[in-house]
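Structure record follows, encoded as structure tokens.
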Amino acid sequence: MFTPAQKRILIIFLSLFFGFLLSLLFPPQSKSDDSRILFDSQGKLLRVWLNKDEQYKFPKSEKISAKYKIAVLHFEDKRFNWHFGIDPAAVLRAVKQNAQAGGIESGASTITMQVARLKNPSSRTFFAKLRETHTALRMELWQSKDEIFAEYASLAPMGGNVVGAETACWRFFGHGSEEITWAQAALLALLPNRPSALNLKKEREKLLERRNNLLKSLAKAGHIDAETLGSALQEPLPVANANWRFKTPHYAEAVFSLFPNQILHGTIDGKVQEQLERIAKNHGQKIREYSNVNISVIITETQTGKIRGYLGSLEYYDTLSKGMIDGVRARRSTGSILKPFLYALAIERGPYTPESLVEDVPTWFRGFSPYNADKSFCGILPLSEALSRSLNVPSVRILSEYGVGDFHFWLENAGLGGLFRLPEYYGLSLVLGGGEASLMELVPLYSMLMNNGKRTELQWIEGNVSQRNEQLLRKWTAYYAREILTSVVRPDFEQYYLQFNNQIPVAWKTGTSYGSRDAWAIGVNAQWTIGVWLGNFAGGSVANLSGSSAAAPLLFSLFNNLSAHSKDLWKGEPDADFEDVEICELSGYRAKPICPHKKSVSLPINRNNQACSFHKETIISKSGGFAVCSLCWNVEDTLRIVEEHYTPAVRNQLRRIGREPKAETFHNPHCPAKKTETLFSITYPENGARLFLPSKDALSEMGFVATAAHKERDAELQWFLNGTFLGVTRGEHKMAVSVGTGEHRIGVQDLLGVYLEARFRVRSR
């Protein structure tokens with residue numbers, strides 16, 4: 001019989017024993033704080049991030065190198081595949097050795113027990129050992145040997161803040177564990193034994209000796225042959241302070257912020273990236289001889305949107321040039337880089353065609369007076385030429401007709417997230433750089449031109465195919481836009497022509513922001529879409545910086561080096577969604593019956609096809625040469641003719657540059673109906689203008705120059721201000737005007753008595 005005290009002890013013992021057995025029925029919990037990993041498209045490491053414990057630790061994988069596993073088990077736990085988490089033979093050996101030494105001389109930890117300790121590290125006490133033993137038994141009960149070893153491989157300390165065999169392989173050898181040699185496997189097996197004292201920075205000679213001893217032991221056990229042993233013994237230890245081979249830091253940071261995945265397989269192509277960095281560095285060295293600028297580039301596959309090359313700045317660690325800023329994602333003034341999409345939309349809606357004539361004359365749009373980059377005007381030219389020459393005045397005129405609100409809405413829908421203000425804030429300057437965008441946003445729009453108007457989102461990681469593939473332009477609209485952009489005059493640098501093969505087709509556009517702060521060049525063919533930006537990350541002006549001189553040469557160097565001549569690099573005409581329209585060869589608008597020369601072109605369906613206004617039929621007097629009507633003609637003396645018709649402003653500008661067309665026939669001045677035509681126009685100020693003019697003091701009058709245009713070369717115009725005569729102009733119609741603040745009227749009258757007037761308001765600045 002047991003005494004009451006003995007019964008209590010027995011009950012406690014049995015409770016603990018059965019509790020211990022019951023606990024084995026529950027699988028051990030496993031949690032791990034792993035680093036996030038980024039590989040390129042070929043499986044090369046681009047970046048590994050520190051985990052919350054400030055360690056580098058690759059996630060667990062059961063794809064363990066056979067060499068590494070053999071080396072570890074041979075060194076640490078030869079009976080790992082046979083014991084149940086506790087090795088009785090190792091325990092007896094340790095007890096005997098420790099008893100003989102009179103202290104702890106040897107341990108009996110198995111691989112399983114080491115995993116238990118690494119998962120829950122604590123001081124080396126008897127109770128800690130019991131907990132490790134208990135955890136080891138649970139692991140053996142619930143996990144396979146392969147799973148247990150995989151945990152060991154991912155948790156083994158390799159010195160410093162490097163944890164796990166896979167991590168150590170990439171850190172010390174620059175490749176994954178599947179590529180390790182026997183010498184590397186032996187080294188990795190040794191490092192966890194005493195990682196704080198015996199590592200690649202301390203006791204290197206001793207570590208090398210121990211590694212070689214392990215290799216000899218492996219050979220003796222029959223795991224490696226004599227030849228392999230000989231070459232393994234000659235292999236040096238890796239560099240002690242080997243740094244991570246981090247690449248594309250800006251791309252890695254972008255991916256880290258966009259995707260939550262633990263292991264990321266990026267779309268970067270190592271070979272493309274290498275060429276990009278080399279070419280950009282060479283270009284940057286030449287540019288920096290006369291200006292301190294940075295360079296950002298993104299290279300994508302046109303059809304898939306996969307990012308194959310990415311350069312946020314010339315040098316990530318260049319603090320002087322703010323190299324850590326990612327210029328690919330930074331939004332900057334767009335300059336002229338958005339013009340192709342406005343022209344495409346104008347063609348899509350109508351009445352414009354690629355051959356339509358557009359005016360390029362001094363124009364004021366409610367106080368906004370755009371100028372072309374060279375401060376000159378062409379008078380009138382085809383829309384395609386206006387785009388290929390990137391003229392500002394025709395672009396603003398087209399935007400004024402198309403509507404700032406509509407263009408702003410389209411750009412927002414196309415992915416330009418920086419246009420968050422109302423359209424009225426940007427106004428007509430939106431197409432000249434009034435808004436901001438990034439290379440990341442702009443490059444997909446240029447890819448769209450080659451993808452028949454369908455936007456393809458950027459693909460940052462493999463397998464993450466975006467579902468947003470919107471049809472933003474019609475097929476024929478995209479076709480015309482890319483065809484026009486192939487006619488842009490390419491950089492006229494001798495070294496460029498020596499390098500670039502003109503057989504590589506590219507639709508491209510440059511842009512330069514106000515004050516020469518940003519230089520853009522973006523190009524596309526069927527294989528690549530490449531975007532280049534040059535500028536100062538501080539936002540300051542850079543002397544002589546322009547898209548054509550600074551960014552375009554780099555763009556074409558990249559196309560030359562990357563484009564595959566064996567591939568089809570261009571797309572022809574679409575085969576659907578069009579109609580044939582007969583247009584006037586002179587004006588480019590839908591031909592009227594009286595247009596003398598016509599031709600058929602394919603245009604997007606369901607658009608506004610406005611009739612030509614540049615030809616008009618006139619009845620003239622054969623004897624007098626005047627245009628006549630039923631009130632002033634002699635029917636037998638009449639003749640019907642077709643004449644070209646231009647506005648006074650256009651004819652005046654063409655006259656200035658020596659391209660004045662044949663004079664138009666004016667109406668009989670003696671006609672009883674006194675029929676008159678609009679032979680002249682007031683070009684500045686426009687009716688309803690608000691002028692902000694400088695003055696010396698509050699009482700001073702303010703001055704400006706009013707201008708007019710007349711169809712006749714030597715016409716005479718009389719000028720009036722608020723009904724008061726100012727003077728007369730002939731040929732060149734400019735009149736100096738002095739006014740005070742308030743409402744005013746400027747009037748102009750020709751010798752036939754035709755009077756035009758513009759009302760305007762003046763405010764002091």
Side-chain angles (χ1 to χ4, degrees), residues 339-361 378-391 393-395 397-398 401-402 449-450 452-453 473-489 505-509 570-618 639-647 650-651 653-654 657 659-665:
K339 286 179 182 176
F341 309 106
L342 172 64
Y343 281 73
L345 292 167
I347 293 173
E348 185 165 289
R349 177 187 288 181
Y352 293 102
T353 72
E355 300 177 47
S356 294
L357 293 179
V358 291
E359 292 188 8
D360 180 28
V361 295
C378 301
I380 199 164
L381 73 170
L383 179 143
S384 58
E385 185 180 345
L387 175 56
S388 65
R389 294 175 58 182
S390 194
L391 298 178
V393 176
S395 301
R397 183 179 298 277
I398 292 172
E401 296 176 10
Y402 186 84
L449 298 180
M450 193 59 63
N452 289 327
L473 291 174
R474 294 180 184 175
K475 294 179 180 179
W476 273 88
T477 309
Y479 165 74
Y480 278 126
R482 67 177 181 256
E483 288 295 317
I484 292 173
L485 293 179
T486 59
S487 62
V488 178
V489 178
V506 179
W508 69 293
K509 182 74 180 69
W570 202 249
K571 290 185 178 180
E573 295 182 356
D575 56 1
D577 302 326
F578 71 95
E579 60 180 342
D580 289 326
V581 177
E582 193 174 55
I583 65 170
C584 171
E585 287 193 6
L586 170 69
S587 69
Y589 295 93
R590 180 172 59 81
K592 294 190 296 189
I594 62 172
C595 292
H597 303 288
K598 311 177 184 68
K599 68 177 182 179
S600 180
V601 296
S602 298
L603 293 170
I605 60 175
N606 302 322
R607 44 167 260 137
N608 172 24
N609 288 311
Q610 176 181 303
C612 169
S613 61
F614 286 78
H615 287 109
K616 67 176 183 179
E617 189 175 55
T618 306
L639 177 69
R640 292 179 180 271
I641 64 170
V642 175
E643 293 185 311
E644 296 179 10
H645 175 71
Y646 299 91
T647 65
V650 168
R651 185 173 284 275
Q653 186 60 39
L654 292 174
I657 61 177
R659 293 175 48 206
E660 184 178 10
K662 182 180 178 181
E664 297 177 37
T665 304

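One is the number of the first residue; the rest follow in order along the sequence.
- Nearest heavy atom pair, residue Lys509 against residue Pro340, reads CG-CG, 4.0 Å.
- Rounded to the nearest 0.5 Å, atoms CD1 (Ile605) and CG (Asp580) are 12.5 Å apart.
- By the 4.5 Å heavy-atom criterion applied to side chains, Ile583 and Asn609 are not counted as neighbours.
- Scanning all heavy atoms of the two residues, the minimum distance from Gly379 to Val650 falls at O-CG2, 3.7 Å.
- With sequence neighbours excluded, the residues forming a side chain to side chain donor-acceptor pair (under 3.5 Å) with Glu644 are Tyr646, listed by chain and number.
- Shortest non-hydrogen contact noted between Pro505 and Trp570 is CB-CE3, 3.7 Å.
- Not a single donor-acceptor pair under 3.5 Å links the side chain of Arg651 to the backbone N or O of His645.
- Formation of a donor-acceptor pair under 3.5 Å by the Thr486 side chain with backbone atoms of Glu483 is found in this model.
- Lys571 has its side chain out of reach of Leu449: every pair of non-hydrogen atoms, C-beta onward, lies at least 4.5 Å apart.
- With contacts defined as side-chain heavy-atom distances shorter than 4.5 Å, the pair Cys378/Leu391 qualifies.
- For Ile594, the side-chain contact (heavy atoms from CB on, under 4.5 Å) partners two or more places apart in sequence, or in a different chain, are Lys592, His615, Glu617, Val642.
- The shortest non-hydrogen separation linking Leu603 to Pro354 is CD2-CD, 4.4 Å.
- Between Val581 and Ser600 there is no side-chain heavy-atom pair separated by less than 4.5 Å.
- Using a cut-off of 4.0 Å between Lys/Arg side-chain N and Asp/Glu carboxylate O, Lys475 and Glu573 are scored as not salt-bridged.
- Closest approach of Leu381 and Pro394 over heavy atoms only: CD2-CG, 4.3 Å.
- The two residues Arg474 and Pro604 make their nearest non-hydrogen contact at NH1-CB, 3.7 Å.
- Other residues, nucleotides and ligands contribute over 12 non-hydrogen atoms within 6.0 Å of the CG atom of Asn608.
- Here Thr618 pairs with Lys616, Ile620, Ala627, Ile641, Glu643 under the side-chain contact (heavy atoms from CB on, under 4.5 Å) rule; sequence neighbours left out.
- Between the CD1 atom of Ile484 and the OH atom of Tyr479 there is a distance of 10.5 Å, given to the nearest 0.5 Å.
- With values rounded to the nearest 0.5 angstrom, Glu582 atom CD is found 12.0 Å from Cys612 atom SG.
- Partners of Arg590 by side chain to side chain donor-acceptor pair (under 3.5 Å), not counting sequence neighbours: none found.
- Within the structure, ring-ring contact (aromatic ring centres under 6.0 Å, His included) contacts touching residues 575-603 (residues at least two apart or in different chains) are Trp476-Phe578.
- Residues Leu383 and Ile347 are in side-chain contact: their nearest non-hydrogen atoms beyond the backbone lie under 4.5 Å apart.
- With a 4.5 Å cut-off on side-chain heavy atoms, Val361 and Val393 do not count as touching.
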Does the side-chain contact (heavy atoms from CB on, under 4.5 Å) test come out yes or no for Val358 and Ile398, once each step is laid out? CA-CA 8 Å; Val358 291; Ile398 292 172; 4.3 Å; yes

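- Sorted by first then second residue, the side-chain hydrogen bond (donor to acceptor under 3.5 Å, both in side chains) pairs that include residues 342-360, not counting sequence neighbours, are Tyr343-Ser395, Glu348-Thr477, Arg349-Asp406, Tyr352-Glu401, Thr353-Ser356, Glu355-Lys599, Glu359-Thr647, Asp360-Asn372.
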